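Comments concern the structure below.
As a basis for the values below, the full set of heavy atoms in this structure was taken, side chains included, without hydrogen atoms, waters or symmetry mates. Quick caveat, the model's predicted, so the values are computed rather than measured. Indexing begins at 1, ligand by ligand and atom by atom, following the structure's order. Note that the numbering runs from 1 along the sequence shown for the chain.
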Amino acid sequence: MPMTRPAVLVARAVFPETVARLREHFDVDDNPGDVILGKPELIARLHGKQGAFTTGSERIDAEVLDANPQLRVVCNMAVGYNNFDIPAFDARGVLATNTPDVLTETTADFGFALMMATARRITEAEHFLRRGEWNRWSYDMFTGSDVHGATLGILGMGRIGQAIARRGALGFGMPVIYHNRSRLPPADEAPIGARYADKTTLLREADHLLLVLPYSAASHHAIGAAELGLMKPSATLTNIARGGIVDDAALAAALRDRRIAAAGLDVFEGEPAVHSDLLALPNVVLTPHIASATVATRRAMADLAADNLIAALTGGVPPTPINPEVLERC
Ligand code: 8YV
């Protein structure tokens, strides 16, 4: 009698090689047309599936899990997992996995690039040139603020935050100040000269502030009008973490009134929609959630999500579980 293979859903289009690899182990229901599945379609497509390969766009909550009690594991192709209701996973013994580490350096490169583009007004200047408005040099044309030697502020000092701090301290001679739920051990602070501070001090002292903290109810609108009001008028703010950490309407008002100099945003509240006030402003660099988007890193993320799915459903040890305590029930 042939053994029945587990069935899995690959919720979004991914590398054909990843799907082919999953087909070696599973009956795969994939989504090559990359249709975004609303909750009813997601629930329906998960029927009969033991596993799922998801991205940040699929919300997996109690309703989805209860409608699919056969589901044993959901593997996110992302390090962030605010699209998962982890207590609901825990309560039902469903394993959740993510893709840490493989995207750290790539995401840090992008965060630094976005901060530099923001400080040096690169996209604003490019739009000016493309509009055909460049007809002479002038002493103050697109003057921005220096990155080298400026104070780099980091809110959320996890793996990506530390990778950005290394770039700033070692490559650009930036004093680094940070705030995080927990302070780094001295051995991690010392090589980059990172100084731990309370959030108010961080906001007051940073010349370039980068947000690299996970989204949760606690970090919702961690940067709003009051926080922006503490920042230097010459400061920049860069968000590569998650939409919702910044109050986008308050940020747009602060940028419009030049209460801070500029912002770089890769993530937005309610993305892919972008607040219309932000779209109208010149002093904000806007990118469509691409911080991890290099070919090699997206491939590594897909491979790691697939490794997790295969291990979880074939008796192996998933490399990067979020809630390992449920593993024995998987
Ligand atoms: C993903 C991300 O591209 O890993 C994360 O948390 O934000 C990005 O790298 C996105 O979440 C799609 O899954």
Side-chain angles (χ1 to χ4, degrees), residues 8-15 18-19 22 30-32 34-38 42 51-61 64 73-86 89 96-115 154-164 210-216 218-220 222 238-246 248 264-274 286-309 318-323:
V8 301
L9 173 69
V10 179
R12 296 288 308 276
V14 283
F15 298 95
T18 308
V19 178
L22 293 173
D30 66 340
N31 184 1
D34 209 22
V35 178
I36 300 279
L37 304 175
L42 183 63
F53 181 117
T54 57
T55 70
S57 13
E58 290 75 48
R59 170 105 189 120
I60 309 292
D61 58 14
V64 174
V73 57
V74 186
C75 301
N76 223 23
M77 181 182 150
V79 64
Y81 51 86
N82 54 301
N83 57 315
F84 288 177
D85 179 346
I86 293 297
F89 277 71
T97 73
N98 67 339
T99 59
D101 301 319
V102 292
L103 48 57
T104 299
E105 298 299 331
T106 295
T107 304
D109 282 351
F110 187 86
F112 213 85
L114 187 57
M115 180 264 282
I154 299 184
L155 184 58
M157 197 64 146
R159 287 167 285 227
I160 298 170
Q162 289 174 59
I164 291 170
L210 275 99
L211 308 181
V212 207
L213 66 168
Y215 180 81
S216 67
S219 63
H220 182 75
T238 297
N239 185 9
I240 57 162
R242 275 291 179 272
I245 291 175
V246 174
D248 284 349
L265 305 175
D266 188 47
V267 289
F268 304 88
E269 284 190 284
E271 65 184 54
V274 177
L286 306 167
T287 53
H289 202 148
I290 56 168
S292 67
T294 66
V295 177
T297 290
R298 285 288 166 81
R299 186 59 201 266
M301 293 163 69
D303 285 347
L304 181 51
D307 291 345
N308 276 304
L309 193 51
T320 51
I322 296 164
N323 56 348

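Using modelled atom types, one finds no donor on one side chain facing an acceptor on the other under 3.5 Å when comparing Ser57 with Asn83.
Proximity of Thr287 to Phe110: side-chain heavy atoms (C-beta onward) are separated by under 4.5 Å at one or more points.
Of all the heavy atoms in Met301 and Leu103, the pair that sits closest is CE-CD2, 3.7 Å.
For the side-chain contact (heavy atoms from CB on, under 4.5 Å) with Leu114, the lone residue among Ile290, Asp266, Asn239 that qualifies is Asp266. Checked options Val267, Leu211, Ile160; the residue passing with Ile240 is Ile160 (criterion: side-chain contact (heavy atoms from CB on, under 4.5 Å)).
The 4.0 Å heavy-atom shell around ligand 1 contains residues Thr55, Gly56, Met77, Ala78, Val79, Gly80, Leu103, Arg242, His289, Ser292, Arg298, Met301, ordered by chain and number.
Taking the centre and axis of the six-membered ring of Phe15, the NZ or CZ atom of Arg298 falls outside the cone set by 45° and 6.0 Å.
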